[in-house]
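The structure appears below as structure tokens.
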Amino acid sequence: MSQLAASVSVDVQTAYIEIQSSPDEDKYLFSYTITIYNLSNEDVTLKRRYWCITDADGRKSEVHGAGVVGETPTIKPNGSYEYTSGTVLETPLGVMEGSYTMVDSDGNEFEAPISAFRLSIPGLLH
């Protein structure tokens with residue numbers, strides 16, 4: 001991992017959106033709130049995202065795209081950026097992981113990994 005990749009930290013909070021889910025139709029909606037921290041001494045800009053989403057049956061879907069929620073935020077040194085998005089699974093349990101392609105103030109690209117996190121309806125796991 002590059003020095004810059006190590007200077008970007010990602011925190012994730014998830015929630016099951018019961019009101020918009022339909023378990024009878026194998027539709028489970030989850031939201032996730034991501035906070036990206038820039039621990040470096042220079043601006044970094046989020047250019048692209050990559051997600052690998054795996055449900056409990058092992059079905060994988062990959063998401064590639066520019067920015068997040070329609071933005072390509074620049075995060076100041078020791079600053080942070082937060083956004084909320086969501087995904088629909090066909091099972092009540094799943095896992096997401098991925099990375100952000102970031103660019104430093106000199107135009108150098110680097111990958112900031114996003115560790116795997118669980119999406120689960122409340123009470124499913126103890």
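For the numbers below, each heavy atom of this structure counts, side chains included, while hydrogens, waters and symmetry mates do not.
Two residues are said to be in side-chain contact when any heavy atoms from C-beta on lie closer than 4.5 Å; Leu29 and Lys27 fail this criterion. Using a 4.5 Å cut-off on side-chain heavy atoms (C-beta onward), Ile34 and Ile36 make contact. Using a 4.5 Å heavy-atom threshold, the side chains of Met96 and Cys52 count as separate. Looking at heavy atoms from C-beta onward, Tyr16 lies out of side-chain contact with Ser120 at the 4.5 angstrom threshold. Proximity of Ile53 to Val63: side-chain heavy atoms (C-beta onward) are separated by under 4.5 Å at one or more points. Put simply, the side chain of Val10 reaches to within 4.5 Å of the side chain of Ile114, judged on heavy atoms. At a threshold of 4.5 Å between non-hydrogen side-chain atoms, the residues Leu93 and Ile121 do not count as touching.
Residue Tyr32 comes nearest to Thr87 through the heavy atom pair CE2-N, 4.2 Å, listed as atom of the first residue, atom of the second, then distance. Nearest heavy atom pair, residue Ala116 against residue Val95, reads CB-CG1, 3.8 Å. The heavy-atom pair separating Thr14 from Phe117 by the smallest distance is CG2-CD1, 3.6 Å. Taking each heavy atom of Glu97 and Ser115 in turn, the nearest pair found is CB-C, 4.2 Å. Shown here for Thr91 and Ala56, the closest heavy-atom pair between the two residues is OG1-N, 3.0 Å. In this structure, Phe110 and Asp104 approach most closely via the heavy-atom pair CE2-N, 4.1 Å.
Side-chain contact, Thr101 with Glu109: no donor N or O sits under 3.5 Å from an acceptor N or O. Residues Tyr83 and Glu71 bring no donor and acceptor atom of their side chains to less than 3.5 Å of each other. A donor-acceptor contact closer than 3.5 angstrom is absent between the side chains of Thr35 and Ser80. One side chain, Ser40 or Asn38, offers a donor N or O that lies under 3.5 Å from an acceptor on the other. A side-chain N or O of Glu111 and one of Ser99 form a donor-acceptor pair less than 3.5 Å apart.
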After noting the C-alpha distance and the side-chain angles of Ser31 and Thr84, does the key distance pass the side-chain hydrogen bond (donor to acceptor under 3.5 Å, both in side chains) rule?
-> CA-CA 7 Å; Ser31 71; Thr84 299; over 6 Å; no
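Residues Val12 and Leu119 are members of one and the same hydrophobic cluster, defined by side-chain heavy-atom contacts under 4.5 angstrom among Ile, Leu, Val, Met, Phe, Trp and Tyr. Linking ILVMFWY residues whenever their side-chain heavy atoms come closer than 4.5 Å, directly or via other members, places Tyr100 and Tyr81 in the same cluster. Follow the hydrophobic side-chain contacts under 4.5 Å out from Ile17 and you never reach Trp51; the two are in separate clusters. Cluster annotation: Val103 is not connected to Val8 through the hydrophobic network of ILVMFWY side chains, with a link wherever side-chain heavy atoms come within less than 4.5 Å. One hydrophobic cluster holds both Val88 and Ile19 under the rule that ILVMFWY side chains link at heavy-atom gaps under 4.5 Å.
In this structure, the separation between OG1 on Thr74 and CG on Leu46 is 9.0 Å, given to the nearest 0.5 Å. Remark: Ser21 OG to Phe30 CZ distance equals 6.5 Å, nearest 0.5 Å. Residue Lys76 holds its NZ atom at 4.0 Å from CG of Asp43, rounded to the nearest 0.5 Å. The structure places CG of Asn108 at 8.0 Å from CD of Glu42, a figure rounded to the nearest 0.5 Å.
Formation of a donor-acceptor pair under 3.5 Å by the Arg49 side chain with backbone atoms of Ala66 is found in this model. With Asp57 contributing its side chain and Arg59 its backbone, the two residues share no donor-acceptor pair below 3.5 Å.
A 6.0 Å sphere centred on CD of Glu82 holds more than 12 heavy atoms belonging to other residues, nucleotides or ligands.
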